Amino acid sequence: MSSDDFKQQLPDLDPSETRDWIESFDQLLDQEGAERARFVAYKLLKRARQRQVGLPPLTQTRYINTISPEQEPPFPGNEAIERRIRRLVRWNAAAMVLRANNAYPGIGGHLSTYASSASLYEVGFNHFFRGKDDGGGDQVYYQGHAAPGMYARAFLEGRLSEDQLDHFRRETVPGRGLSSYPHPRLMPDFWEFPTVSMGIGPISAIYQARFNRYLAHRGIRDTSGSRVWAFLGDGEMDEPESLGALWVAGRERLDNLTFVVNCNLQRLDGPVRGNGKIVQELEGIFRGAGWNVIKVIWGREWDELLARDIDGALVTKMNETVDGEFQKYSVAGGAYIREHFFGPDPRLGRLVEHLTDDDLTRLRRGGHDYRKLYAAYRAATEFRGGPTVILAKTIKGWTLGPGVEGRNITHQAKKLSEAEMRVFRDRLELPIPDEKIKDAPYFHPGPASEEIQYLLERRHALGGSLPKRIVRARPLPVPAPEADAEFAAGSTSPVSTTMVFARLLRNLMRDPGFGRRVVPIIPDEARTFGMDPLFKEVGIYASGGQRYEPVDSDLVLSYREAIDGQVLEEGITEAGSMASFQAAGTSYATHGEPMIPFYIFYSMFGFQRTGDQAWAFADARGRGFMMGATAGRTTLNGEGLQHEDGHSHLLASTVPAIRAYDPAFAYELATVVRDGIERMFSRGEDTFYYVTLYNENHPMPAKPDGVDEGIVRGLYRFVAGPEIAGEMRGRVRLVASGAILQQALAARGLLAERFGVAAEVYSATSWQLLRRDALEAERWSRLHPAEAPRVPYVSQVLGAGGGPVVLVSDWVKALPDLLGRWLPPGYVSLGTEGFGRSDTREALRGLFEIDAPNVAVAALAALAREGAIPASLVADAIAALGIDPDKLDPLAL
Ligand SMILES: Cc1ncc(C[n+]2csc(CCOP(=O)(O)OP(=O)(O)O)c2C)c(N)n1
Ligand SMILES: [Mg+2]
């Protein structure tokens with residue numbers, strides 16, 4: 001409740017005035033009936049809302065336009081020309097899909113999404129969306145399936161050629177094809193934000209708008225000239241990500257954000273809410289989350305009918321008709337509409353007596369009425385104090401003809417018959433001759449035509465063409481050596497890589513060069529990771545500052561919120577954090593301001609929970625660091641099955657843009673982070689990092705000489721085999737990563753002291769990069785058979801000779817197995833397949849067979865298989881080390 005709401009509870013200052021109002025209302029009700037009383041009450045409430053009196057909103061209003069005709073501003077453009085432009089875009093968008101499917105049946109594409117939303121986009125392009133030619137500009141999230149419309153417009157602008165349109169969905173030749181949907185990875189000069197995985201667009205847009213504010217509040221960039229627009233499907237609103245962050249926009253009062261939901265009442269299979277009303281449902285949800293809601297339901301043809309609806313019968317019918325029925329009206333024809341919509345109530349019948357059946361089919365929906373849309377967009381951009389959603393009712397497949405329009409099959413329609421094409425052409429009034437129709441030719445009126453001149457002039461006035469992605473290179477200086485020099489020295493006192501990271505991050509944030517560009521993103525786990533000192537030092541971002549005295553204000557490290565706070569403390573939302581990560585990680589392009597996000601989270605809740613957003617981040621060419629803390633199936637021990645992560649590295653390895661590291665020591669971590677900063681922010685590579693952090697304390701060794709390259713490439717020898725006192729029985733190589741490297745080191749000791757085996761220990765900082773390198777080498781060699789084959793890095797380091805190889809980590813065996821075919825035969829991998837569970841680290845490592853005794857036994861077994869030692873020695877070792885050979889297999893449930 002706001003303070004305004006409380007005021008209503010105050011004593012009445014003028015009871016007689018209040019009584020007057022109530023008596024007038026009673027009179028109205030008694031004399032003119034409930035219908036009229038309701039009408040006036042609604043009008044008053046609406047007025048109060050418009051005047052921003054601060055009444056709590058009705059969650060749902062009547063099923064009519066929010067903006068009444070008398071409130072509509074005059075339309076500033078040339079309506080006739082803009083109509084012709086819309087027709088040109090519509091035609092070419094359809095032609096592109098039709099031609100693609102004629103030439104390559106099954107290549108796919110969508111006709112009906114854009115057909116229903118053409119006006120929604122065109123009013124934006126001609127009057128609202130600000131381009132980025134002078135920097136800044138708006139951020140527009142286009143609905144993925146409407147992409148053909150954006151290409152068609154770019155074609156009219158002369159930005160895309162016919163040849164490019166003819167390569168819609170033919171992308172194997174770089175630079176030639178057009179992506180199916182918005183994919184900046186594939187069209188880096190065109191698309192900015194991936195949207196087609198439904199739900200990711202809306203949540204990204206919300207956090208984008210918030211991040212724009214963050215940049216401004218922190219004095220990094222004035223973003224007041226940028227508005228975020230998100231074009232969404234009504235079916236898409238079912239995704240939890242679509243609705244789950246609405247409250248963020250409401251709470252943060254993001255009046256730099258506009259959602260436009262294309263309510264064509266249909267999704268892929270059929271109606272979105274056949275038995276209900278999606279517009280009404282969404283209105284309630286958005287209003288409840290603090291949004292300004294503008295419904296654009298009816299086109300101007302209804303204004304006159306509504307004006308004559310003095311007894312409210314029409315509005316009642318509108319309120320009561322379910323979406324399934326409205327869909328039926330969109331295909332059934334005028335007679336049906338007259339009988340079923342206007343027919344049952346004679347008052348309604350009389351209302352449309354003067355209209356023919358054809359007229360009834362031409363009663364447009366609001367989302368196809370340009371003037372209504374203009375009024376809504378204008379109101380949205382002028383509204384202050386909160387985000388706005390425009391709920392625009394449309395018909396799916398509009399103008400594509402009776403076979404497609406409003407039908408349940410419409411989403412997947414990719415073809416039109418010649419006859420349907422002719423009808424479509426006639427409806428768009430385009431001068432395309434009959435004999436050419438079957439080829440679905442593109443139609444361009446020529447650059448000098450009035451339409452193209454107008455369109456270009458409008459875009460010029462608004463700051464340049466869109467969609468467009470611009471990267472203005474701005475390399476950052478690398479961090480000063482002081483930021484991470486201390487980690488090369490090592491430490492004898494036991495610390496964890498998480499603690500090291502917390503310190504490294506603080507050092508980086510203090511770096512004068514780019515410290516202010518670091519964006520720590522934390523979903524409510526800063527204390528777990530030892531990062532709470534940041535709260536006091538750099539503050540938590542809070543757009544309204546801190547309006548209370550924190551409970552711990554007497555402590556040195558208190559909870560400090562500030563309008564220029566640097567930490568994005570997201571609360572418990574990994575999806576929201578990923579959306580922030582994307583906004584920050586693409587800021588170098590979106591705003592020409594490189595920002596360095598470090599998103600620190602429970603590693604189990606990263607790729608597993610929000611993997612699709614990681615994929616979108618990669619698509620968006622995001623740059624930054626995902627820090628998977630509390631990593632390792634056994635290193636995070638007490639939390640059990642749903643917390644203990646032994647597989648995120650495997651999931652991360654599937655994202656092509658990621659460089660995934662599992663460092664064991666402070667100096668490795670520092671080297672990886674420095675390499676990442678250089679690679680992404682100095683050299684401008686569109687890659688990002690996944691780095692896992694552990695919470696097990698152990699001494700950190702000093703950095704040996706000459707290991708940088710190995711750390712970055714993914715493997716180096718950490719320590720040579722020891723001298724063996726007494727009989728030397730063999731040599732092995734132990735390869736380990738992360739916290740489990742400690743177990744490999746302990747196994748090295750066991751093997752030397754008790755079994756006469758000399759073990760070298762290697763640190764595998766990146767299993768994933770070793771595989772990538774090996775794949776590249778293998779592929780090159782396959783395609784260049786006459787030349788000397790390239791030897792993968794992993795095979796160079798772990799070549800033949802030197803003894804069997806045992807690989808071990810806190811991750812599933814599948815991870816080191818990624819390297820299998822480039823390793824010496826007989827290698828053994830140990831890992832953590834199976835469900836985690838709660839116990840001590842020692843017990844868990846015994847269970848998963850990755851502790852020092854199990855590593856030692858694996859090494860001995862490998863030697864025995866090579867015939868270097870007798871099998872009986874292995875059996876003796878198993879007994880001597882207390883391993884039960886018939887123990888539970890953690891993979892067995
Ligand atoms: C996460 C996700 N699930 C499923 C799909 C497949 N899909 C593509 S479009 C579509 C229906 C879209 O309906 P709506 O959001 O109403 O958009 P419209 O085309 O009607 O404007 C579906 C299910 C997807 N793209 N993303
Ligand atoms: Mg829809």
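Just so you know, ligand 1 is whichever comes first in the structure, and atom 1 is the first atom listed for that ligand. This is a predicted model, so every value here is computed, not measured.
With a heavy-atom cut-off of 4.0 Å, Gln266 touches ligand 1 through its backbone alone. For Glu239, every heavy-atom contact with ligand 1 shorter than 4.0 Å involves the side chain, none the backbone. With a 4.0 Å heavy-atom cut-off, ligand 1 is reached by the side chain of His145 but not by its N, CA, C or O. Contacts between Asp234 and ligand 1, counted as non-hydrogen atom pairs separated by less than 4.0 Å, involve both the backbone and the side chain.
Side-chain contact, His647 with Gln608: a donor N or O sits under 3.5 Å from an acceptor N or O. Side chains of Asp323 and Gln327: no donor on one and acceptor on the other come within 3.5 Å. For the 3.5 Å distance criterion, the side chains of Arg300 and Tyr370 fail to qualify, holding no donor opposite an acceptor. A donor-acceptor contact closer than 3.5 angstrom links the side chains of Glu157 and Ser465. Defined by atom type and a distance below 3.5 Å, a donor-acceptor pair is missing between the side-chain atoms of Arg621 and Thr586.
Below 4.0 Å from some heavy atom of His411 lie the following atoms of ligand 1, by number and element: 9 (S), 10 (C), 11 (C), 12 (C), 19 (O). Close contacts of ligand 1 with Thr113, meaning ligand atoms under 4.0 Å from a residue heavy atom, involve 18 (P), 19 (O), 21 (O). Which parts of ligand 1 touch Asn264 is read off a 4.0 Å heavy-atom cut-off, strictly below it: atoms 18 (P), 20 (O), 21 (O). Atom numbering of ligand 1 starts at 1 in the shown order; those under 4.0 Å from a heavy atom of Asn262 are 21 (O). Those atoms of ligand 1 with a heavy atom of Val196 less than 4.0 angstrom away are 24 (C), 25 (N), 26 (N). Of all atoms in ligand 1, listed by their number and element, those nearer than 4.0 Å to a heavy atom of Lys396 are 18 (P), 19 (O), 20 (O).
Shown are Asn292, Asp255, Thr258; of these, the side-chain hydrogen bond (donor to acceptor under 3.5 Å, both in side chains) with Thr388 is made only by Asn292.
Heavy atoms of Ser197 come nearer than 4.0 angstrom to ligand 1 in at least one pair. At a 4.0 Å cut-off, not a single heavy atom of His110 sits close enough to ligand 1 to count as contact.
Separating the OG atom in Ser116 from the CD atom in Gln143 is a distance of 7.0 Å, to the nearest 0.5 Å.
For ligand 1, the polar-atom distance check against Leu268 finds no nitrogen or oxygen pair separated by under 3.5 Å. Checked against a 3.5 angstrom limit, the closest N/O atoms of Gly235 and ligand 1 fall inside it. In terms of N/O distances under 3.5 Å, ligand 1 is approached by Glu236. Polar contact check, Arg267 against ligand 1: no nitrogen or oxygen pair lies under 3.5 Å apart.
With respect to the salt-bridge test (charged N to carboxylate O, under 4.0 angstrom), the residues Asp234 and Arg267 do not qualify. Between Arg86 and Glu122 there is no salt bridge, since none of the side-chain N atoms of the basic residue sits less than 4.0 Å from a carboxylate O of the acidic one. With respect to the salt-bridge test (charged N to carboxylate O, under 4.0 angstrom), the residues Arg378 and Glu72 do not qualify. With respect to the salt-bridge test (charged N to carboxylate O, under 4.0 angstrom), the residues Arg84 and Glu429 do not qualify.
Closest approach of Ala379 and Ile67 over heavy atoms only: CB-CD1, 3.9 Å.
Closest heavy-atom approach to atom 5 (C) of ligand 1 within the set Glu241, Met198, Met237: this belongs to Met198.
Distance check for atom 8 (C) of ligand 1: a protein heavy atom is found below 4.0 Å.
Aromatic pair Phe607/His649: ring centres not closer than 6.0 Å.
Among the backbone and side-chain atoms of Asn264, an N, O or S atom lies under 2.8 Å from the Mg ion (ligand 2). Residue side and main chain included, Gln266 places an N/O/S atom under 2.8 Å of the Mg ion (ligand 2).
Protein heavy atom at the shortest distance from atom 21 (O) of ligand 1 is Gln143 NE2, 2.9 Å.
Within Asp234, the N, O or S atom lying nearest to the Mg ion (ligand 2) carries the name OD1.
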